[in-house]
Q: 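Handing you a structure now.
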Amino acid sequence: MLIRNGGIEGKIVSSEITPRQKFFSRRDVLTGATALGVGALVLKQVPGLIHPGAVHADEKLATVPSKYTVPDAQTPFSKATTYNNFYEFGTDKGDPAKYAHTLHTRPWTVEVTGLVKQKKTADIDSIMKYRPIESRVYRHRCVEAWSMVIPWDGYSLSEFIAWAEPLPSAKYVQFLSDDKSSDMPDKPGGFDWPYSEGLRMDEAMNPLCLLTFGCYGEALPNQNGAPIRVVSPWKYGFKNAKSIVKINFTDKQPHTLWNDANPPFYGFYSNVNPNVDNGGPQSHERRIDSSAFPKTIPTQMFNGYGDQVASLYAGMDLRKYY
Ligand SMILES: Nc1nc2c(c(=O)[nH]1)N[C@H]1C(S)=C(S)[C@@H](COP(=O)(O)O)O[C@H]1N2
Ligand SMILES: [Mo]
């Protein structure tokens, strides 16, 4: 397991002092790429040569077990990494596994902006060492009425937020995904890129909300949102922004890509709720597991996480705030 190393403070690159472009010279980037090994790079650049089911990230993660694990049968790795929504790489479920090899996940930094004591930038490798990485098996429910059970690897987002030091006036946190053309050259039109999502601060501070670096004990495959994403398992999957480059604290509810595109279907809260058919029926879900013919099962309120999160919404009309 990873030992607490006394915090990421010492390794944080302050954006004020050292702009990323200066810090990482072109030569450093190229040297880093060479160190990965030419073979690995070549394989990643020729996706047609490998069956998508075999796309593993190179890096194994040391993880500790978590009390937040559910007992449901897990979705096989080969399905969780080949049936994806990551529209930056195309709108078909198979597109991310085919095309996300263009995403460069090192060097990678996450900027902390908005209502914080001080703007700062953290390097992904420092963020990953900040707390022990837990393996948490979570239910994952897409608003398209399919679901998976995935062992995610990460630590509670609340730990990162404590480091980020938001001001008391911060009421929401917004996540912004990468949208660089060099990483995502063929983003579909008609969307207001970058992908943007958000949570109310108390939702983000709930320990279930996972800052995620891996799945199945290895670094996230690109198509699952490498190198860093969030997973809030009581909400529909689109709340969980992938490949995050910026975390922004605000006092107003942030705009989100899907809420802008189709507000009746994609509410800001989007808590899993079998009783609210927000444009499509949500009472059941197709559970993608190891069987050749996935079963349709009833959807649970808050995806089965009511004990941990229902109190966040006490007194709120969940039909109005869907
Ligand atoms: N940046 C970004 N994040 C995203 C999406 C996306 O298209 N782009 N799709 C969302 C949706 S709709 C779902 S269901 C989950 C899918 O995550 P998975 O592919 O790891 O299962 O990612 C979410 N995060
Ligand atoms: Mo989704």
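In each ligand, atom 1 is the first atom listed, and ligand 1 is the first ligand listed. For clarity, every value in this text was computed on a predicted model and none was experimentally measured.
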Q: Taking the ring of Tyr313 and the ring of Tyr321, is the distance between their centroids below 6.0 Å?
A: no
Q: Could you tell me whether Arg287 and Asp72 have a side-chain N and a carboxylate O separated by less than 4.0 Å?
A: yes
Q: Below 4.0 Å, non-hydrogen atoms only: which portion of Glu144 touches ligand 1? Side chain, backbone, both or neither.
A: neither
Q: Out of all atoms in ligand 1, which are within 4.0 Å of some heavy atom of Asn84? Include the element for each.
A: 18 (P), 19 (O)
Q: Using a strict cut-off of 4.0 Å, indicate which atoms of ligand 1 neighbour a heavy atom of Tyr87.
A: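 Those of ligand 1 that fall under 4.0 Å from Tyr87 are 6 (C), 7 (O).
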Q: Do Phe160 and Tyr155 make the cut of ring centroids closer than 6.0 angstrom?
A: no
Q: I need the atoms of ligand 1 closer than 4.0 Å to a non-hydrogen atom of Ser177, numbered in the order shown.
A: 1 (N)
Q: Name the closest protein heavy atom to atom 18 (P) of ligand 1, giving the residue it belongs to and the distance to 0.1 Å.
A: Lys242 NZ, 3.4 Å
Q: Is the ring centre of Trp258 less than 6.0 Å from the ring centre of Tyr266?
A: yes
Q: Using a heavy-atom cut-off of under 4.0 Å, does the side chain or the backbone of His140 touch ligand 1, or both, or neither?
A: side chain
Q: Is a side-chain donor-acceptor pair under 3.5 Å present for Asn84 with Lys93?
A: no
Q: Test side chain to side chain contact (heavy atoms under 4.5 Å, CB included) on Asn273 and Tyr322 and set out the steps.
A: CA-CA 8 Å; Asn273 189 337; Tyr322 59 83; over 6 Å; no
Q: Give me the residue, atom name and distance of the protein heavy atom closest to atom 9 (N) of ligand 1.
A: Asn85 O, 3.2 Å
Q: Between Ser243, Gly237, Gly225, Ala80, flag the one that comes closest to atom 13 (C) of ligand 1 by a heavy atom.
A: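 Among Ser243, Gly237, Gly225, Ala80, the closest heavy atom to atom 13 (C) of ligand 1 comes from Gly237.
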Q: Check ligand 1 against Trp152 and write out every atom of the ligand that is under 4.0 Å from a heavy-atom position of the residue.
A: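 By the 4.0 Å cutoff, the relevant atoms are 20 (O).
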Q: May I ask you to list the atoms of ligand 1 that are less than 4.0 angstrom from any heavy atom of Cys142?
A: 14 (S)
Q: Would you check, one step at a time, whether the test side-chain hydrogen bond (donor to acceptor under 3.5 Å, both in side chains) holds for Arg136 with Ser156?
A: CA-CA 11 Å; Arg136 297 186 183 178; Ser156 292; 3.0 Å; yes
Q: Ligand 1 versus Arg229, non-hydrogen atoms closer than 4.0 Å: side chain, backbone, both, neither?
A: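 Within the 4.0 Å criterion, Arg229 contacts ligand 1 through side-chain atoms alone.
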Q: Would you mind checking which non-hydrogen protein atom is closest to atom 8 (N) of ligand 1, with the distance to 0.1 Å?
A: Glu88 OE1, 2.8 Å
Q: Go through the steps for Asp179 and Lys187 under the test salt bridge (charged side-chain N to carboxylate O under 4.0 Å, His left out), then give the verdict.
A: CA-CA 8 Å; Asp179 72 336; Lys187 291 186 292 298; 5.3 Å; no
Q: Could you tell me if Lys239 sits above the aromatic ring of Phe268, with its cationic atom closer than 6.0 Å to the ring centre and no more than 45 degrees from the axis?
A: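 Cation-pi check for Lys239 and Phe268: passes.
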Q: Which of the atoms in ligand 1, numbered in the order shown and given with their element, are less than 4.0 Å from a heavy-atom of Asn224?
A: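 In order of numbering, the contacting atoms are 18 (P), 20 (O).
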Q: Heavy atoms only, cut-off 4.0 Å: how does Tyr195 contact ligand 1, side chain, backbone, both, or neither?
A: side chain
Q: Would you mind checking which non-hydrogen protein atom is closest to atom 24 (N) of ligand 1, with the distance to 0.1 Å?
A: Asn240 O, 2.8 Å
Q: When you look at Phe249 and Ile161, which way does the side chain to side chain contact (heavy atoms under 4.5 Å, CB included) test go after all the steps?
A: CA-CA 10 Å; Phe249 294 89; Ile161 292 179; 4.1 Å; yes
